[in-house]
Amino acid sequence: MKLLARPGCLLALALPLAAHAGDGRLLATGGVTEIEGSAGGGLVPWAVLAGYGTREQSGATAFRTRLDLPDYRLDAWGAAFTWHNRVELSAARDRFDLGTLGQAIGDPGAALRQDVFGAKLRLAGDLVYGPLPQFSLGVQHKRLLDFTIPHLAGARRDSGTDIYLAASQLLLGAAAGYNLLWNVTLRSTAANQFGLLGFGGDRGGRRLVGEGSLAVMPDPHVAVGAEYRQKPDNLSFARESHASDLFVAWFPCKHVALTAAYVSLGPIAGLRNQRGWYVSLQGSR
Amino acid sequence: MKRHLSCLATALLLLAGCASTPTRNPTLYVQLGGRNGIAAITDQLLDAFARDPLVAPAFRHVDIGLFQTHFTDYLCQLAEGPCRYTGDSMAEVHRGMHIDEATFNAVVQDLITAMNHQHVPVRVQNRLLARLAPERKDIIYR
């Protein structure tokens, strides 16, 4: 954290790495950025690493996401850096506007914010080439900035670390001639609503959850698919269920990706059926 | 009885008809437009190589005419066409060239560009790319 607080230090670190920046990987193989800042789909981190750098190159991305729900709004932004298609480091901020709930508690502008610091290591394999999928191991360390409401809801802690193992593969021509992308992620987490409602609760703490994505590419520039993500259900006061989405991601070139999705997050803090439109813009270099 | 027999005969004829109908998918060779179609893709590919700063240097000392023939034969044979590729193996051809991942992917992108120029449908492009993909291990970092 001290490193991030010192821009000069960060710049000094980034400069020699930027000299090897490149975009040698194939279009769309960096995925987009999920709401916690890791390369993946919209809700699920994949085994792919951010950007388009090969084993000799480095890559970086920045993203901005908005999800409008009936009673809330989620804003996310951040950046990721990948070294030699081996290690991805990411930082993101999630801001969850409490909307209806904020008005109900007499604080109309109330929001929950968290910072997510991520690291992902590619263990083996390649997304496109070879018989095996690409495997990556990742961590997401989350620190909640606003703990009063989560604490009142019964959350035990204001920070937590998710650990996940992801496998992703692009199968050439596997979906009736079109390219098929699949991803499976196993995550160990205690996060309530991704961490925005704190960590742990009266119903339990850390547990293993499953996540998955499936997409078809009707064109090398477009991916259409669906995602599913289990969430722990640790708070009696604010029960939660799984999240899912249907998405379209457009990669006009290697520098830009635009994603639109219809996302369902289930009930959040007692307000049911939180479904809405998600838009995300990613820039890569 | 006679009616039953004619009914049976009709059914058999229908079955035979079904069996003799070519239900097999066209070969990739046919989908790519035969040898002429493949040769046109190769021409477009060479144009794309010439414009590609990552790939062009590797062709500085290559006999383009020979490459044209060899590569067309290579794709033709890979696509189950009536051609025989008589050149060296992929591992042999790329030995000492030190082709890295980025250059390999640039060639893939150039091939996609060439196929787009020739209006090859995405599904046919994917079919060819899927057959080329296993060759990568014999081509990069040699």
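Quantities reported herein were computed from a predicted structural model and do not represent experimental measurements. Each chain gets a letter, A, B and so on, in the order its sequence line appears, and its residues count up from 1.
With chain B as partner, the option from Gly130(A), Pro131(A), Gly177(A), Gly53(A) having the largest number of non-hydrogen pairs under 4.5 angstrom is Gly177(A).
Interface remark: Ala133(B) contributes backbone and side-chain atoms alike to the contact with chain A (heavy atom separation under 4.5 Å). In this structure, the portion of Ile140(B) lying under 4.5 Å from any heavy atom of chain A is its side chain and not its backbone.
More than 12 heavy atoms of other residues, nucleotides or ligands sit less than 6.0 Å from atom CH2 of Trp77(A).
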Put together the list of donor-acceptor pairs under 3.5 Å connecting chain A with chain B, please.
unit_1	atom_1	unit_2	atom_2	d
Gly24(A)	O	Asn105(B)	ND2	2.9
Arg55(A)	N	Glu101(B)	OE1	3.4
Arg55(A)	NE	Glu101(B)	OE1	2.7
Arg55(A)	NE	Tyr141(B)	OH	3.4
Glu56(A)	OE1	Tyr141(B)	OH	3.0
Glu56(A)	OE2	Tyr141(B)	OH	2.6
Tyr129(A)	OH	Asn105(B)	OD1	3.1
Ala176(A)	O	Arg123(B)	NE	2.9
Ala176(A)	O	Arg123(B)	NH2	3.2
Gly177(A)	O	Asn126(B)	ND2	2.8
Asn179(A)	OD1	Asn126(B)	ND2	3.3

